[in-house]
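Values below: every heavy atom of this structure, side chains too, minus hydrogens, waters and symmetry copies.
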Amino acid sequence: MADKLKIVLFEDTPASRSVILEALKQHVGQEGDAIAFEQGLVHESADDQEKMYEERLIKILRTEPYKDASLILADRDLSKTVETNFRGLSVNAVAAAAKKLSIPLCSYARGVSVEEYDWRGRWQEEHIVLHLSEGEDELGRRATLAAEGFAHIASEVPKFLNNKSLNSPAALLAAVLGKDEYADKIALYAVGDQNRLPDIPKEGRQAKDLIPRLTLLLGYWLWDSLLRYPGVFVNQIAAGSYLDINGEDFEMEKIQEIFDEGLYDGPFADIKRPQWWRGVLDDIIAHSGCNSGLEFALKKGLDNVRRSECYVDSTKRAGYYCIIAQRPVSLENSKGGLSWFPRGADLTRIGNPKFEEYGPWLGT
């Protein structure tokens with residue numbers, strides 16, 4: 001973990017800038033720092049000011065007070081930027097500079113629901129997309145969580161670079177997460193994304209920029225693919241559905257305690273949005289001699305635990321997760337295997353009503 005986090009904020013509305021900046025400072029704490037991008041904080045020559053925004057930003061972000069940024073947080077609409085020499089600045093220019101410098105980037109938008117971003121993100125952009133639907137404080141918390149996660153990955157990657165058998169992103173990520181045995185399952189999430197997840201070179205592993213590039217690659221993949229689509233990991237709703245435990249019952253502390261061993265605590269682990277290792281949950285059930293999480297809970301003396309019900313047809317056992325409705329769903333009342341689902345996301349489905357509603361947007 002980096003000694004000190006530094007988050008650079010790109011926000012073109014002064015009122016929003018001050019509120020978001022204060023939220024960031026609260027969450028990074030006294031050991032961290034958050035600073036807003038302002039033209040007046042750096043001196044540019046006349047020649048520099050004639051260059052493209054991407055080139056200028058690269059140079060600026062290499063100098064104080066922006067140097068050694070842990071993460072950039074940027075408004076997706078920077079059209080109101082008023083600084084004379086940066087009028088017309090766009091998030092695309094910020095993203096291009098961040099990528100060139102291997103600085104993690106989170107962008108955010110207003111007026112879009114949480115639900116839409118939770119399923120429409122689909123890792124189409126080479127950065128993390130957040131939203132303001134839950135307020136500036138939550139935005140600051142999530143951005144800080146992302147910065148901490150990237151810092152954690154950056155601290156772990158060097159430990160495994162000398163192991164030349166780890167020649168794929170899946171093998172390296174499994175090692176970083178301390179779950180080498182899940183490398184093959186994690187690799188299924190790379191199917192269809194080979195262009196974004198190239199093999200790790202066996203030679204040149206000491207290149208100066210390799211660790212930042214690998215950190216970016218692994219971090220975006222983990223956040224936007226593995227932790228988004230239930231398969232290797234399961235979120236709280238998906239976990240209850242998979243274990244055959246009613247969602248409201250699974251929220252109870254006494255029930256979650258018996259599955260504590262499977263709780264994910266690696267990079268980007270979020271106390272407000274807990275995740276579990278699906279394989280560890282399988283092991284817990286298998287070692288108990290039970291056939292389901294519901295049976296295991298009852299065996300542990302937790303009475304009145306209800307089974308998980310499909311949101312489409314409550315007479316059916318769920319077992320899967322509708323990524324649009326964010327509710328438990330059964331196999332027969334949902335669609336899976338869409339082209340934009342990661343291959344390893346075998347618990348991710350779309351309930352038939354939602355598929356009919358959003359069909360033209362979903363593809364196959």
Side-chain angles (χ1 to χ4, degrees), residues 1-12 21 24 28 32-45 47-76 78 81 83 85-86 88-108 123 125-130 143-158 161 169 172 195-198 200-201 204-224 267-268:
M1 185 86 58
D3 292 333
K4 181 178 181 179
L5 295 179
K6 179 191 286 187
I7 298 178
V8 176
L9 172 66
F10 282 77
E11 167 57 64
D12 58 355
L21 193 61
L24 288 171
V28 298
D33 194 14
I35 185 170
F37 172 81
E38 297 180 47
Q39 178 187 340
L41 295 181
V42 295
H43 173 73
E44 287 189 290
S45 67
D47 289 340
D48 284 338
Q49 292 177 12
E50 295 299 319
K51 296 178 181 178
M52 296 179 64
Y53 287 151
E54 175 187 340
E55 297 177 76
R56 295 169 63 188
L57 289 174
I58 289 172
K59 185 173 181 179
I60 289 170
L61 291 169
R62 284 174 170 159
T63 61
E64 296 293 352
Y66 309 110
K67 183 180 179 182
D68 298 324
S70 306
L71 181 133
I72 292 172
L73 178 63
D75 186 355
R76 294 179 67 81
L78 294 171
T81 301
E83 286 91 343
N85 294 325
F86 278 93
L89 180 65
S90 71
V91 72
N92 292 332
V94 177
K99 182 178 180 181
K100 181 71 174 180
L101 295 171
S102 295
I103 300 173
L105 170 67
C106 293
S107 69
Y108 60 93
W123 206 31
E125 302 186 55
E126 294 184 358
H127 64 265
I128 291 170
V129 179
L130 301 175
T144 303
L145 185 78
E148 291 171 341
F150 280 106
H152 183 103
I153 294 171
S155 70
E156 291 295 310
V157 167
L161 282 184
L172 181 57
N195 290 336
R196 299 189 186 196
L197 298 165
I200 298 168
R205 288 181 173 232
Q206 303 306 316
K208 183 178 180 181
D209 65 341
L210 182 59
I211 292 174
R213 286 191 291 113
L214 289 177
T215 296
L216 225 57
L217 180 154
L218 297 178
Y220 288 146
W221 188 34
L222 177 60
W223 178 293
D224 248 352
F268 311 129

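- Neither side chain, Arg213 nor Ser102, offers a donor N or O lying under 3.5 Å from an acceptor on the other.
- Once rounded to the nearest 0.5 Å, the distance linking CD1 of Ile7 with CG of Leu21 reads 10.0 Å.
- Salt-bridge formation is detected for the pair Glu64/Lys6: a Lys NZ or Arg NE/NH1/NH2 atom is positioned less than 4.0 Å from an Asp or Glu carboxylate oxygen.
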Problem set entry | side-chain contact (heavy atoms from CB on, under 4.5 Å) evaluation trace for Val8 with Leu73 | CA-CA 6 Å; Val8 176; Leu73 178 63; over 6 Å; no
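- Separating the CD1 atom in Ile128 from the CG atom in Leu105 is a distance of 8.5 Å, to the nearest 0.5 Å.
- Separation of atoms CG (Leu57) and CG (Leu89) is listed at 6.0 Å; rounding is to 0.5 Å.
- With sequence neighbours excluded, the residues satisfying side-chain contact (heavy atoms from CB on, under 4.5 Å) with Thr63 are Val42.
- The shortest heavy-atom contact between Leu218 and Pro169 is CD2-O, 3.7 Å.
- Leu5 places none of its side-chain heavy atoms less than 4.5 Å from the side chain of Asp33.
- Listed by chain and number, the residues in a salt bridge (charged side-chain N to carboxylate O under 4.0 Å, His left out) with Glu11 are Arg110 (sequence neighbours excluded).
- A search for side-chain hydrogen bond (donor to acceptor under 3.5 Å, both in side chains) contacts involving Glu156 returns Lys159, not counting sequence neighbours.
- Under the 4.5 Å side-chain criterion, counting only non-hydrogen atoms from C-beta, Cys106 is in contact with Leu71.
- Taking CZ from Arg76 and CG from Asn92, the interatomic distance works out to 8.5 Å, rounded to the nearest 0.5 Å.
- Residues satisfying the side-chain hydrogen bond (donor to acceptor under 3.5 Å, both in side chains) criterion with Lys99, sequence neighbours excluded, are Glu126.
- Minimum heavy-atom separation, Ala95 to His127: CB-ND1, 4.4 Å.
- Side-chain contact between Ile153 and Leu216 is absent, with no heavy-atom pair separated by less than 4.5 Å.
- Every residue meeting the side-chain contact (heavy atoms from CB on, under 4.5 Å) condition with Ala154, not counting sequence neighbours, appears here in chain and number order: Thr215.
- Distance check, rounded to the nearest 0.5 Å: CG of Asp75 to OG of Ser90 gives 11.5 Å.
- Counting only heavy atoms from C-beta outward, the side chains of Phe150 and Trp223 never approach each other to under 4.5 Å.
- Taking CD1 of Ile103 as the reference point, atom OH of Tyr66 lies at 12.5 Å (rounded to 0.5 Å).
- Listed here is the closest heavy atom pair of Tyr53 and Ala93: CB-CB, 3.9 Å.
- No side-chain heavy atom of Leu9 sits less than 4.5 Å from a side-chain heavy atom of Ile35.
- Residues passing the ring pair (Phe, Tyr, Trp, His ring centres under 6.0 Å) test with Phe10 are Phe37, sequence neighbours excluded.
- The shortest distance between side-chain heavy atoms of Ile72 and Leu61 falls below 4.5 Å.
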